[in-house]
2 protein chains.
Amino acid sequence: MTENSAKNRTKSAAQTKSLNRDTILNAAVALADERGIDALSMRKLAETLGIEAMSLYNHVKNKDDLLDGMVDMVVAEIELPATNIHWKLALRQRAISAQEMLLRHPWASMLIVSRINIGPAMLRYSDASMGCLRAAGFSYALADHAINAIDSHIYGFTLLKSNFPIEEQEYAQAAEQFLPMFPASIYPHARGWAEEVISGRHSGINEFTFGLDLILDGLERLANGDQS
Amino acid sequence: MTENSAKNRTKSAAQTKSLNRDTILNAAVALADERGIDALSMRKLAETLGIEAMSLYNHVKNKDDLLDGMVDMVVAEIELPATNIHWKLALRQRAISAQEMLLRHPWASMLIVSRINIGPAMLRYSDASMGCLRAAGFSYALADHAINAIDSHIYGFTLLKSNFPIEEQEYAQAAEQFLPMFPASIYPHARGWAEEVISGRHSGINEFTFGLDLILDGLERLANGDQS
DNA sequence: GAGAATAGGCTTACACCGTAAGCACGTCAA
DNA sequence: TTGACGTGCTTACGGTGTAAGCCTATTCTC
């Protein structure tokens, strides 16, 4: 009895909070941000919302639908390319904004590349990028290739970076630890690299814009019809 | 009794086949290639080998160890950069070889970017790439950035391609199907792109070498000290 | 206002997962 | 001969996604 009324109160409280798809998606994103995508189970997510796992299924079709919703939610955080500036700068800013989002949500890159993403935010993002290059005179084919090259760099770079197990400020001391794994007789160049990092002559940090600018500069030359 | 002796026979047969780490890794790679990485469970893998799941643990520490072994096994398939040719061509061939391997084993990209890979094959691969650029006069820092940019493209491109749900020869008809999802009033450029593919003026296929050559050409300019 | 339909919680149950614990047995060294 | 070891096995546990169906508060229809 007492238990029952307690349950009812809980239920009422939950209802006043009006559980809905957006609340669930926000909680899922927060949980994945804080504890990693592996910790995101339907049961744990429900727990953070004070409900039971199966109740989630009234608002999302299944876990895949949940993940799709999460992806579109964070994709909406990406700045669209500006329309009033040169295409190269617009795409550069768009790429950096995307990369910043992916570092804020380290689980997102993997989800984006491993599923079909046709949520409204992703469509708008793709459409705006294509529009930016079309306005600059690119053919559909060249624009397609350009966007694919840039996106490959965005996802590849952030995946490598997000999953790298060592913090950037600890590279030097980590390299020192790993040095015994690189005998000069077998891996001379890996060893040389490690020694360079230990000495401080090379930070070991990779900049997103290094590869990005190689690609953008190359595209600009193509657009201008340079013979290289 | 009969059952028991049958069991013993099975066991003897299994023993004559001499289960070992390499046999297991080969079976795991084959299973992942044929049925996808999600179908690779310890139980299913054991079944294909005619043994019980727990027997695998005599040869691999745990599932992570199994995955690490699989990764290093397929990384060994990558051609190392040749030493007797220009660095640009050597790295180009290495990148193409890596991409071909990753398309043969579509599960591999995801594993490589999402775990620490310090198996012997991966170390040899990294060492050879660094050696190739060092021999060409690159500083450690520039070589590091160059390799990171190329690897980002390799993994990003293959991940996007492997997980794209439509076969290349079906792009045109698929675009026709998806056209209603792109109302011209909301997604004009995505719609234009789809119409271009439907018309056959653009295949919609993205070439790995497009982005790769942008990066390599850019690196060559950097190496030559061009002012752009 | 009465009764039906619906929405959105809930419990229970199932098949699958990775793997800890420990048993059974064949092989081999001392 | 005996004991240790290697390598198979069974059992069991806590986790997963989710199908099926129950319960009740709200909303719609007459």
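The chains referred to below are lettered A, B, ... by the order of the sequence lines, with proteins before strands, and numbering in each begins at 1.
Residues meeting the side-chain hydrogen bond (donor to acceptor under 3.5 Å, both in side chains) test with A/Arg92, sequence neighbours left out: A/Asp213. When the side-chain hydrogen bond (donor to acceptor under 3.5 Å, both in side chains) test is applied to B/Arg21, the partners found at least two apart in sequence or on another chain are B/Asp65. Not counting sequence neighbours, the partners of A/Ala121 by the side chain to side chain contact (heavy atoms under 4.5 Å, CB included) test are A/Asp72, A/Val75, A/Ala76, A/Arg124. Take A/Phe208 and apply the ring pair (Phe, Tyr, Trp, His ring centres under 6.0 Å) test, not counting sequence neighbours, and it matches A/His153, A/Phe157. Residues that satisfy the ring pair (Phe, Tyr, Trp, His ring centres under 6.0 Å) test with A/Tyr171, not counting sequence neighbours, are A/Phe164. For A/Tyr155, there are no ring pair (Phe, Tyr, Trp, His ring centres under 6.0 Å) partners two or more places apart in sequence or in a different chain.
Of the side-chain N and O atoms in A/Ser55, one or more sit less than 4.0 angstrom from OP1 or OP2 of C/dC10. OP1 or OP2 of D/dG15 has not a single side-chain nitrogen or oxygen of A/Lys44 nearer than 4.0 Å. Within the structure, every side-chain polar atom (N or O) of B/Asn58 is placed at least 4.0 Å from both OP1 and OP2 of D/dG6.
In this structure, A/Arg21 places its CZ atom 16 Å from C1' of C/dG8, rounding to the nearest Å. Taking atom OH on B/Tyr57 and atom P on C/dC17, their separation rounds to 11 Å, with Å as the unit. If you measure from atom CG of B/Asp38 to atom P of C/dC16, you get 15 Å, rounded to the nearest angstrom. Rounding to whole angstrom units, CG of residue A/Asn20 and P of C/dA7 are separated by 15 Å. Atom CD1 of A/Ile51 is separated from atom P of C/dG8 by 12 Å (rounded to the nearest Å). The CG atom of B/Leu45 sits 15 Å away from the C1' atom of D/dG8 (whole-angstrom rounding). Here the P atom of nucleotide D/dT16 and the CD1 atom of A/Ile37 are 13 Å apart, to the nearest Å.
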Report all side-chain donor-acceptor pairs from residues 172-186 of chain A shorter than 3.5 Å, counting only partners two or more places apart or in another chain.
none

Table please: side-chain donor-acceptor pairs of residues 94-111 of chain A below 3.5 Å, with sequence neighbours left out.
residue  : atom : partner  : partner atom : Å
A/Arg94  : NH1  : A/Tyr125 : OH           : 3.1
A/Arg94  : NH1  : A/Ser129 : OG           : 2.7
A/Arg94  : NH2  : A/Asp151 : OD1          : 2.9
A/Ser97  : OG   : A/Glu79  : N            : 2.8
A/Arg104 : NE   : A/Glu77  : OE1          : 3.4
A/Arg104 : NH2  : A/Glu77  : OE1          : 3.0
A/His105 : ND1  : A/Asp33  : OD1          : 2.8
A/His105 : ND1  : A/Asp33  : OD2          : 2.9
A/His105 : NE2  : A/Glu77  : OE1          : 3.0
A/His105 : NE2  : A/Glu77  : OE2          : 3.1
A/Trp107 : NE1  : A/Asp33  : OD1          : 2.6
A/Ser109 : OG   : A/Thr158 : OG1          : 3.2

Tell me which donor-acceptor pairs under 3.5 Å the side chains of residues 46-54 of chain A have, and how far apart each pair is, sequence neighbours excluded?
residue : atom : partner : partner atom : Å
A/Thr48 : OG1  : A/Leu45 : O            : 2.8

Polar-atom pairs under 3.5 Å, protein N or O versus N or O of nucleotides 11-14 of chain D: list them with distances, or write none.
none

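Near DNA chain D, meaning a heavy atom under 4.0 Å from it, residues 28-36 of chain B has no residue at all. Using a 4.0 Å cut-off on heavy atoms, the residues of residues 59-71 of chain B that approach DNA chain C are B/Asn62, B/Lys63, listed by number.
Side-chain N or O atoms of B/Ser41 include one that pairs as donor or acceptor with a backbone N or O of B/Lys44 at under 3.5 Å.
When distances are taken from the side chain of B/Ala53 to each of D/dG17, C/dC17, C/dT19, the shortest belongs to C/dT19.
Taking a cutoff of 4.0 Å between a charged side-chain nitrogen and a carboxylate oxygen, B/Lys161 and B/Glu168 qualify as a salt bridge.
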